[in-house]
There are 2 protein chains.
Amino acid sequence: MSRTTLKQFKEKAFQNSKVQEEYDLLKPEYAIKKKLIAMRKDAGLTQEKLAEIMGTKKSNISRLESFKSSISPRIDTLINYAKATGHELKVDFV
Amino acid sequence: MSRTTLKQFKEKAFQNSKVQEEYDLLKPEYAIKKKLIAMRKDAGLTQEKLAEIMGTKKSNISRLESFKSSISPRIDTLINYAKATGHELKVDFV
DNA sequence: CTAAATATTATCATATTTGATAACTTTTGT
DNA sequence: ACAAAAGTTATCAAATATGATAATATTTAG
């Protein structure tokens, strides 16, 4: 029983390590999406309402926020999203 | 002579005010470009060298950095620029 | 001052994002 | 449980960024 547990432990550690690696690789994009969603929710807006403010459609907001989507939004899109949720975009290079 | 100077002064003040307004409106984009240029120079790279590292052409770097250009770069483009100059992109919404 | 180095500009092709629409799925409220 | 609300997904059109090339302009080094 303990041998199976050790094998499972190693496998799980490997999986976590792999996920972590992918997470790190996608870090800025991942972080941006998390922030987009947080801002919208903090503003108490549905995707549809936000879309309305931004002059677009909810499906486009969904695409922007989706972790399954590999798109790389343009700066002006992020600026508009920020404004619509009461924020301002700030880009740094660290 | 003093009347002409006064007229020119007002005109210049108007122009500056107008430029300032446009500057403010374009603030994030303007700031990004300034940072791009600073990073490249800090890294001691010409546009041509940087282009080489990024796998593109110097003219494309020039376009990215140009204050006369109204393009809105994609996030992945900025990520690649950052990496090539030894930095990492960080996006915030303040 | 001058040539080399560096940067800019224009143009067209290609790639990718955003716009628009509709169908579908999941979540929420009662 | 069920309908409405909210979010997702796919698709195609339009818009825009990037790739690639070449000519031109500006800056720099000697």
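Letters go in sequence order (proteins before strands), and every chain restarts at 1. Keep in mind that this is a model prediction, so the values were computed, not measured.
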Residue A:Ser62, side-chain heavy atoms: nucleotide from C:dA20, C:dT18, D:dG7 that is nearest: D:dG7
Interatomic distance, A:Ile79 CD1 vs C:dT18 C1' [rounded to whole Å]: 15 Å
Atom pair distance, as rounded to whole Å: CD1 in B:Ile75 and C1' in D:dA17: 13 Å
Spacing between B:Asp76 atom CG and C:dT17 atom C1', to the nearest angstrom: 10 Å
Separation of C:dT17 P from A:Glu29 CD (nearest whole Å): 11 Å
Sidechain-backbone polar pair: A:Asn80 side chain, A:Asp76 backbone, donor-acceptor under 3.5 Å: yes
Residues touching DNA chain D, which here means a heavy atom under 4.0 Å, drawn from residues 39-54 of chain A: A:Arg40, A:Thr46, A:Gln47
Any A:Thr56 side-chain nitrogen or oxygen under 4.0 Å from OP1 or OP2 of C:dG19: yes
Candidates C:dT18, D:dA17, D:dT9 - which lies nearest the side chain of A:Pro73: C:dT18
Distance, rounded to the nearest Å, where A:Phe67 contributes CZ and D:dT8 contributes C1': 14 Å
For the student: nearest non-hydrogen atoms of A:Lys33 and A:Phe67, plus distance: CB-CE2, 3.6 Å
Nucleotide nearest B:Lys57 (side chain, heavy atoms from C-beta), chosen from C:dG19, C:dT18, D:dA20: D:dA20
B:Tyr81 OH to D:dT18 C1', straight-line distance once rounded to whole Å: 15 Å
Of the listed nucleotides D:dT18, D:dT9, D:dA20, the one nearest the side chain of B:Asn60: D:dA20
Heavy-atom donor-acceptor pair, A:Arg40 side chain to A:Leu45 backbone, under 3.5 Å: yes
Residue whose nearest DNA chain C nucleotide is more 5′ - B:Lys68 or A:Arg63: B:Lys68
Within-4.5 Å side-chain heavy-atom neighbours: A:Ile71 and A:Arg63: yes
Sugar-phosphate only, base, or nothing, as touched by A:Lys58 at under 4.0 Å among non-hydrogen atoms: base
Polar side-chain atom of B:Lys35 near backbone of A:Val91 as donor-acceptor pair, under 3.5 Å: yes
For DNA chain D, the dot-bracket pattern of Watson-Crick and G-U pairs whose distances stay under 3.5 Å, | for other-strand partners: ||||||||||||||||||||||||||||||
Sugar-phosphate, base or nothing in reach of B:Ser59, heavy atoms under 4.0 Å: base
Shortest non-hydrogen separation from B:Met39 to B:Ala82 and the atoms involved: CE-CA, 4.5 Å
Closest heavy-atom pair and its distance - A:Leu78, B:Phe93: O-CE2, 4.0 Å
Whole angstrom value for the distance that separates C1' of D:dA15 from CD1 of B:Ile71: 14 Å
A:Thr85 side chain to A:Tyr81 backbone, donor-acceptor under 3.5 Å: yes
Steps toward side chain to side chain contact (heavy atoms under 4.5 Å, CB included) verdict (B:Glu88, B:Lys83): CA-CA 6 Å; B:Glu88 186 173 339; B:Lys83 277 181 187 170; over 6 Å; no
Between P of C:dT16 and CG of B:Asn80, the distance in whole Å: 12 Å
Any B:Thr46 side-chain heavy atom under 4.5 Å of B:Lys49 side chain: yes
